[in-house]
Amino acid sequence: MKLNYKRTILVGFAFFLIMAFWQAYDATIPVILTNKFGMSQLWSGVIMAADNILALFMLPLFGALSDKCKNRRGRRTPFIIIGTTIAAVTLVALSFVDNMQLQKISEYTKIDDQQTLVRIYEQQADATLKTPEGDEFVLHDKFTKEEFSQIKMNEKDPVTGKDKVSDAYTNYVAPAREACVADITAQDPSALIIFIAVLLVILVSMSIFRSPAVALMPDVTIKPLRSKANAVINLMGTAGGIAILGLGIVLKTSAAGNVFMNYYLYFAIVAGLMLVALLVFLLTVREPLWAKQMQEDTIRYGIEEKAEHQDSARKLTRSEFISLILILLSVALWYFGYNAVTSKYSVYAGKILDMDYNSTMLLAQASAIVAYLPAGMLASKIGRKKTIIGGVILLAAAFGAASFMRAGSSELVMNVLFVLAGVGWATINVNSFPMVVELSSGSDVGKYTGYYYTASMAAQILTPILSGYLMDLTGDTVLFPYAAIFVALAIVTMLFVTRGDSKVPHKKGIEALVVED
């Protein structure tokens, strides 16, 4: 019994393009909403939750529809083709809408320009604003017009001697500028309405194929090897994320001076990368043939005794049902913590840490790549449940420690914490999805994939809103304590899971002499 790594990598190109998209989406959309539309963290969180609200209903729907699909290309491939193509085209269209708003706010977008700062001061001198730490202030109580016009974005760090974003810019100029942009958006919300409409089309198209793309791995992989296969699939997804983070570093998307950058080139490259990955997938993956071979191997190894088990759903036992609910609850809890960080970190890194979010997230992704295969192999030795609990502890500890980091803190320490978070997340992610589909039969893998994503998306609907509300209420520094608490709660629910670990059949006779991978 040996995993076909080449085949799994080719199947993983679908997940590569999915994660490339979400990396770009999570990194840029919150920044666009806050900087170019002047949204609060709460309302930015509401918009960021919109995709998950859609997904809550659409992922189970399209997962179940793909279970019943009888296309000559297979059950999953048609959905991948349609969804990817629409998403790539509309992502490019989104950059045009972004530029439309950029033109409207152009009088406020010049950095370190005295006339711009005077205009901002005159607009917001009497308004009550908030610093990123949550402290309220009135601008004219802090500065005269002349003093405000002299504030520069960058200043020399007295310790390192390097340029850093000045506290005055972070705490006073940025909130006042965002308030001006918010006023313009309120007066003429047409660009925002179009932006959200295009986002809706993109998110629907991504929902069309996410469950089918993820369900393809169990379709072509027998149950005992699914943790290893999922490690490869997640590795491919992480590679997609790293490619986008590298693009962000090259184009300097996280630079403080680029908060009003034009995203034409960035979105075009992301869309092109998605279409190239789709082309590789279509030229190499033979879904119907590989799915048939998996069914034959399942019977041959005695994992299912009858072929009809592949064609009909089975009813869960009571203990299996309870374990399924607990696994899904655990998934929701760790996504509450993890997604809060991924959806808000691009804003948090600039305001609180004065760090490049691309490089920090790149290290997290790179460490995850290193951890995926060992995490799958470890699960085959000690079980998925124990491996996941270890990953949850590591992730909660990393987020808890990150709670104490501020601007001027060691960048090396923050990078180490994100490396640990990447390892913890990889360990969780590799094994949680296989635990869910372990409880399925061949005919309803798509449905169980939908269950998994319903749990994760339910969390991702609520956590940007809840974390955004708390950040508005108490300051941005609540982000990491919030994340650590929710991740830690998943330890409790996972302790009571009793089903979902892989079941490797005992071999008899000459089969026992075969060396397994």
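Predicted model only: the values in this text are computed from it and were never measured.
A distance of 10.0 Å separates CZ of Phe21 from CZ of Arg210, quoted to the nearest 0.5 Å. With values rounded to the nearest 0.5 angstrom, Ile18 atom CD1 is found 13.5 Å from Phe13 atom CZ. If you take CE on Met361 and CD1 on Ile244, they are separated by 13.0 Å, rounding to the nearest 0.5 Å. Note that CD1 of Ile47 is 4.0 Å distant from CD1 of Ile196, once rounded to the nearest 0.5 Å. For the atom pair Ile53 CD1 and Met58 CE, the distance stands at 13.5 Å (nearest 0.5 Å). Taken to the nearest 0.5 Å, the CG atom of Asn4 stands 8.5 Å off from the CG atom of Leu10.
The number of heavy-atom neighbours closer than 6.0 Å to CH2 of Trp43, taken from other residues, nucleotides and ligands shown, is 12 or below. Heavy atoms of other residues, nucleotides or ligands lying less than 6.0 angstrom from OH of Tyr264 number more than 12. Summarising the local packing, CZ of Arg406 is surrounded by more than 12 heavy atoms from other residues, nucleotides or ligands at distances under 6.0 Å.
Across all their heavy atoms, Val331 and Tyr452 have their closest contact at CG2-CE1, 3.9 Å. Heavy-atom minimum distance, Leu326 versus Val497: CB-CG2, 3.7 Å. Between Lys223 and Arg384, the closest heavy-atom pair is O-NH2, 3.4 Å. Here the closest heavy-atom approach between residue Ala14 and residue Ile80 is recorded as CB-CD1, 4.1 Å. Residues Asn234 and Val430 approach most closely at ND2-CA, 4.2 Å, considering heavy atoms. Of all heavy-atom pairs between Gly337 and Val487, the closest is CA-CG2, 4.0 Å.
With Gln365 contributing its side chain and Ala239 its backbone, the two residues share no donor-acceptor pair below 3.5 Å. In this structure, the side chain of Gln460 engages the main chain of Ser456 through a donor-acceptor pair within 3.5 Å. Asn339 places no side-chain N or O within donor-acceptor distance of the main-chain N or O of Tyr335, the cut-off being under 3.5 Å. Using modelled atom types, one side-chain atom of Ser323 and one backbone atom of Arg499 make a donor-acceptor pair closer than 3.5 Å. Between the side chain of Thr493 and the backbone N or O of Ala490, at least one donor-acceptor pair lies under 3.5 Å. Looking only at distances, no side-chain donor or acceptor of Thr463 sits under 3.5 Å from a matching main-chain atom of Ala459. Under the 3.5 Å distance criterion, the side-chain polar atoms of Gln23 are left unmatched by any main-chain donor or acceptor of Ile242. No donor-acceptor distance shorter than 3.5 angstrom exists from the side chain of Lys252 to the backbone of Asn258, with no hydrogens or angles considered. Not one N or O on the side chain of Ser44 forms a donor-acceptor pair closer than 3.5 Å with the backbone of Met39. Looking only at distances, a side-chain donor or acceptor of Lys36 sits under 3.5 Å from a matching main-chain atom of Met261.
Leu439 is listed as a side-chain neighbour of Leu316, based on a closest heavy-atom distance under 4.5 Å. Proximity of Leu373 to Val232: side-chain heavy atoms (C-beta onward) are separated by under 4.5 Å at one or more points. Counting heavy atoms from C-beta on, the side chains of Val413 and Val416 never come closer than 4.5 Å. Within the 4.5 Å cutoff, the side chain of Tyr451 has no heavy atoms near those of the Pro60 side chain. Between Leu216 and Glu287 the shortest side-chain heavy-atom distance falls below 4.5 Å. You'll find the side chain of Leu353 reaches within 4.5 Å of the side chain of Tyr348, heavy atoms only. Between Leu324 and Tyr448, the closest side-chain pair of non-hydrogen atoms falls below 4.5 Å. Side-chain atoms of Arg76 and Val214, non-hydrogen and from C-beta on, never get closer than 4.5 Å to each other.
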Please determine whether ring pair (Phe, Tyr, Trp, His ring centres under 6.0 Å) holds for the pair Phe37 and Phe195, giving the CA-CA distance in whole Å, both sets of side-chain angles, and the decisive distance to 0.1 Å. CA-CA 10 Å; Phe37 290 101; Phe195 189 86; 5.2 Å; yes

Where do Trp334 and Met494 land on the side chain to side chain contact (heavy atoms under 4.5 Å, CB included) test, with the steps shown first? CA-CA 11 Å; Trp334 60 58; Met494 279 303 300; 4.0 Å; yes

Would Thr28 and Phe267 count as a side chain to side chain contact (heavy atoms under 4.5 Å, CB included) here? Give the steps. CA-CA 10 Å; Thr28 58; Phe267 284 162; 3.7 Å; yes

Any chance you could lay out the side chain to side chain contact (heavy atoms under 4.5 Å, CB included) test for Thr8 and Tyr5, step after step, and finish with the verdict? CA-CA 5 Å; Thr8 308; Tyr5 282 95; 5.6 Å; no

Can you list the steps and then say if Asp501 with Lys385 is a salt bridge (charged side-chain N to carboxylate O under 4.0 Å, His left out)? CA-CA 7 Å; Asp501 269 316; Lys385 174 183 172 180; over 6 Å; no

Step by step, work out the salt bridge (charged side-chain N to carboxylate O under 4.0 Å, His left out) result for Lys344 and Asp26. CA-CA 8 Å; Lys344 299 293 185 183; Asp26 286 339; over 6 Å; no

Audit row: Tyr25, Leu203, side chain to side chain contact (heavy atoms under 4.5 Å, CB included) steps and yes/no: CA-CA 10 Å; Tyr25 181 88; Leu203 298 175; 3.8 Å; yes

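Ring centers of Trp22 and Phe15: at least 6.0 Å apart, outside the cut-off. Between Phe336 and Tyr482, the distance separating the two ring centers is not shorter than 6.0 angstrom. The six-membered or imidazole ring of Trp425 lies near that of Tyr338, with a centre-to-centre distance under 6.0 Å.
Donor-acceptor pairing under 3.5 Å is lacking for the side chains of Glu411 and Thr360. No side-chain donor from either of Thr221 and Arg226 sits under 3.5 Å from a side-chain acceptor of the other. Looking only at atom types and distance, the side chain of Arg286 has no donor-acceptor partner in the side chain of Gln293 under 3.5 Å away.
Shown are Leu94, Val92, Asp98, Asn99; of these, the side chain to side chain contact (heavy atoms under 4.5 Å, CB included) with Phe96 is made only by Val92. For the side chain to side chain contact (heavy atoms under 4.5 Å, CB included) criterion with Phe433, the lone passing option out of Asn429, Asn431, Val437 is Val437.
Ring-plane geometry between Phe480 and Phe418 is classed as perpendicular, the angle between the planes exceeding 60 degrees on a 0 to 90 degree scale with a lower cut at 30.
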